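Numbers here are sequence positions counted from 1. Counting starts at 1 for both ligands and their atoms, in listed order. In this text the structure is predicted, and so the values were computed from the model without any measurement.
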Amino acid sequence: MTMEELHALFLEHPKICTDTRKITENCMFFALKGPNFNGNAFAQEALDKGAAYAVIDEKEFKTSDRFVVCEDVLGTLQQLATYHRNYSKAKIVSLTGSNGKTTTKELINAVISKKYKTIATQGNLNNHIGVPLTLLSIKEDTEITIVEMGANHQKEIEFLCSIAQPDFGYITNFGKAHLEGFGGVEGVIKGKSEMYDYLMANDNYVFFNADDDIQKGKLANYTKKMGFSTNDPNYYNIKFLGVDPFVSLEAEGTQIQTQLVGKYNFPNCCAAILMGKYFNVPIDDIKSAIEAYQPQNNRSQLLSKNGFDIVLDAYNANPTSMKAALENFSLMDAQRKTLIIGDMFELGDTAAEEHQAIADVVIELGFDDAYLVGENFHGTHTKLKKFKSFDDLKAYLSKNPLKKGALLIKGSRGMALERVLDLL
Ligand code: ATP
Ligand code: MG
């Protein structure tokens, strides 16, 4: 079957499923393979549950003409996504960066959807499967699609750009995340910049943070760009008004009061405002979109429970976002401040050094109480309380309950520190 024929079939069945537990009526099932499963073996079940067709790459599983056999299911999914992207009239805005991609994506979507029909990456589906699935969710009337791209090694963003072929792009920041796979901070800068490389090679448009010297430097000789800045009059100016504990800011004389905790969310908002400006969304609509946005999934949420005011940021952590969260928490106005922070993963050789640096920052900023959880933090030299595991922390807290007040909870996803909420 040619790509054109497969695409015609897709247009008749425009819902893609890759998991037999989530089959929807009349979908197309793509039999992906993982380290522990072979989707081909589930293709018949997908059809039995209501899929219209199953795309497979092992022909022995074909038992009827509702199977489409191709050479490689994943590659076919990606090629179909590119075909559909080019078939549709929607413009593609892509974004990557070390921190804040999902938040920024959602803010951009909130702003842009005030004026246009948009599609955006669902949740965090930002990899070699999620990006194609996002593109394949583009509808006939979609005008702008916002695509989050994640990466933990070189050439990944280049590859995702080759699939999505973005017209516009933004990099949130170059931070200390996935240092192991990228090969240090220089590696991160190179890897994330693959998005700039794609956009510049294709004479496409770049949005950027003009207060970030690395971004500014990378784009110095490129003209198709629009930047924001808090102080440089050559760019679109946005004022930071404060965090109390929510970020507030001002653009074009209009004050915007967000529901986002943490100064690190300021550039995320700025990117959304800048794009709103570029796409001619009226400033009042930009304001209402940003003011209405509430973060989800443990990303910088502010909660109250049993006398604790909690900044729950347990979704993930790396040295840059951890430091930003600590600094932000230290600025917060509260009587008593306690931290429970967990290990940061994927740091490779630098793990010991980075955890030590964070333990030192905790002492330097001075909190009332601090609990460090995980093997890496346990290995640091510090007078702070350390626990090898969550269970050790739990056992300790059952005998020595936390004192009420403000509480910051942050750690890598694998630490699942939202479990602390059950201990309060
Ligand atoms: P992932 O790599 O999991 O897709 P992401 O880049 O999509 O993450 P978000 O989910 O938006 O990032 O935010 C995760 C956390 O990163 C936030 O809760 C916050 O602690 C931190 N963060 C968000 N924005 C920034 C930023 N601009 N700079 C530094 N840290 C940030
Ligand atoms: Mg994300």
Test of ring centre spacing under 6.0 Å for Phe208 and Tyr235: yes
Distance filter under 4.0 Å to Asn126 heavy atoms, resulting ligand 1 atoms: 4 (O)
Nearest-option assignment for atom 16 (O) of ligand 1, heavy atoms, candidates Ser321, Gly97, Ala317: Ser321
Side-chain heavy atoms of Tyr87 within contact of Phe10, under 4.5 Å: no
Option of least heavy-atom distance to atom 11 (O) of ligand 1 (set: Asn209, Thr104, Thr121, Thr103): Thr103
The Mg ion (ligand 2) to nearest N/O/S of Thr103 less than 2.8 Å: no
Which of the ligand 1 atoms, numbered from 1, are nearer than 4.0 Å to a heavy atom of Asn173: 28 (N), 29 (C)
Glu148, N/O/S atom nearest the Mg ion (ligand 2): OE2
Lys190, NZ atom: more than 12 neighbouring heavy atoms under 6.0 Å: no
2.8 Å cut-off met by an N, O or S atom of Asn124 to the Mg ion (ligand 2): yes
Tyr371 side chain reached by Leu397 side chain, heavy atoms, under 4.5 Å: yes
Region of Lys105 that comes within reach of ligand 1 [heavy atoms, distance under 4.0 Å]: neither
Centroid separation Phe240 to Phe266 less than 6.0 Å: yes
Ligand 1 N/O within reach of Tyr315 N/O, cut-off under 3.5 Å: yes
